[in-house]
Amino acid sequence: MIKKFVLEALGEDVGRGDLYALVEPAKTASAKIIAKSDGVVAGVTYINVLADLEKFEIEWLKNDGDTFLKGDTLATLKADSHTLLRCERTVLDILLHASSIATLTRKYVKIIEPYGVKLLDTRKTRPLLRVFEKYATRTGGAVNHRMGLDDSLMIKDTHLKTIENLSTYIINARKKIPFTAKIEVEAETFEMAQLAFEAQCDIVMCDNMTPEQIVKIVAFRDENYPHILLEASGNISLETIESYAKTGVNAISSGSLIHQANWIDLSMKMD
């Protein structure tokens, strides 16, 4: 999957061939990837595959998950000039995209770390980039939520409109879905959360609730259904995530890890 991804990314940029190479003969060359802002490295796994396919040497001074500061050299590259210049933009785009997500994710993780709460990503990813973007959040310290509709059953508000009896539905679901698949129910009120607990789901998602509302649900869960996990979700930001971490939920999910990540600044300089 990674091989296909990097080849398609390179092919998008190169098209029918780099016109520079028609004019200037190839020379032995080396280059450095330099940080122009602070951040967290992600993308090494993908770029190593590209290096192997395109036959350029790369030595990493920082690895996936490492922090870096403005001015740090992240990697050195060696190959002929045609290869380095052809791959430059693809290397940087992969590194920038993944590292930007990892950098924002790490900020979230640091805030909630003292509370022992897991940070989860969501399915709000760019089309065809889910595996790549979730790799980036994982590198930043998050835990992947479900990758798609096939690895756990989440019953959202839209699904609930089609379900007459939640308890009966979950009983039937356990007969049909894989034994290892969990069932999660989205709740926007205390009453809906109570129904989800009574229906014996595995996880209750407290969606678009205030921390004060969630505290009441946590207390109810702890007293009556301590085996059921609680997740908080819905417009949770860097500014508000700590208040949710204090409620006693097991996990907090946020799509902003990906869709609110602003690109950091990296560049490749030829020696």
Side-chain angles (χ1 to χ4, degrees), residues 1 105 108 112 115-138 141-236 241 244-245 247-259:
M1 186 178 290
T105 300
Y108 277 86
I112 67 173
Y115 304 100
V117 181
K118 293 183 185 298
L119 177 66
L120 311 178
D121 54 25
T122 72
R123 285 164 49 237
K124 292 178 182 178
T125 58
R126 293 164 181 84
L128 302 180
L129 291 179
R130 181 166 297 166
V131 172
F132 177 66
E133 292 184 331
K134 281 178 171 282
Y135 147 79
T137 64
R138 191 168 66 246
V143 176
N144 292 148
H145 204 290
R146 59 181 183 159
M147 295 297 290
L149 299 177
D150 57 347
D151 58 17
S152 68
L153 173 57
M154 180 182 288
I155 304 170
K156 297 174 68 68
D157 58 339
T158 46
H159 298 96
L160 289 168
K161 295 291 185 180
T162 71
I163 296 172
E164 293 184 8
N165 185 294
L166 183 59
S167 294
T168 301
Y169 178 88
I170 289 178
I171 290 171
N172 290 334
R174 296 217 186 268
K175 296 175 183 177
K176 297 178 180 179
I177 65 174
F179 178 74
T180 55
K182 291 184 178 180
I183 299 176
E184 182 168 6
V185 177
E186 181 182 272
E188 295 183 341
T189 63
F190 179 89
E191 291 73 23
M192 186 62 235
Q194 189 173 6
L195 283 175
F197 285 127
E198 292 170 354
Q200 293 295 326
C201 63
D202 301 299
I203 308 167
V204 175
M205 175 195 283
C206 299
D207 191 46
N208 290 309
M209 293 187 189
T210 66
E212 292 73 23
Q213 289 174 305
I214 293 175
V215 165
K216 295 178 181 179
I217 292 173
V218 170
F220 179 80
R221 184 278 306 269
D222 291 348
E223 183 176 351
N224 300 283
Y225 302 93
H227 61 289
I228 294 179
L229 299 174
L230 277 173
E231 173 187 339
S233 187
N235 298 312
I236 295 172
I241 193 168
Y244 285 92
T247 62
V249 293
N250 304 99
I252 299 171
S253 59
S254 177
S256 63
L257 306 181
I258 293 171
H259 61 68

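Bear in mind that the values here come from a model prediction, so they are computed numbers and not experimental data.
Side-chain atoms of Glu133 and His259 form no donor-acceptor pair, as typed in the model, at a separation below 3.5 Å. A donor-acceptor pair shorter than 3.5 Å can be found between the side chains of Glu231 and His145.
Of all the heavy atoms in Ala187 and Ala193, the pair that sits closest is CB-N, 3.5 Å.
Between Leu257 and the options Thr125, Leu120, Thr122, Thr137, a side-chain contact (heavy atoms from CB on, under 4.5 Å) holds for only Thr137.
With a 4.5 Å cut-off on side-chain heavy atoms, Asp202 and Leu229 do not count as touching. Tyr244 places none of its side-chain heavy atoms less than 4.5 Å from the side chain of Cys206. Counting heavy atoms from C-beta outward, Ile170 and Ile155 have side chains that approach closer than 4.5 Å.
No more than 12 heavy atoms of other residues, nucleotides or ligands lie within 6.0 Å of CG in Asn235, so this atom counts as exposed by the packing criterion. The number of heavy-atom neighbours closer than 6.0 Å to OH of Tyr169, taken from other residues, nucleotides and ligands shown, is 12 or below.
The structure places CE of Met154 at 3.5 Å from CE of Met205, a figure rounded to the nearest 0.5 Å. With rounding to the nearest 0.5 angstrom, the CD1 atom of Ile228 is 10.0 Å from the CD atom of Glu198. Rounded to the nearest 0.5 Å, atoms CG (Asp151) and CG (Asn144) are 9.5 Å apart.
Taking the six-membered ring for Trp and thresholds of 30 and 60 degrees, Phe197 and Tyr225 have nearly parallel ring planes, at less than 30 degrees apart.
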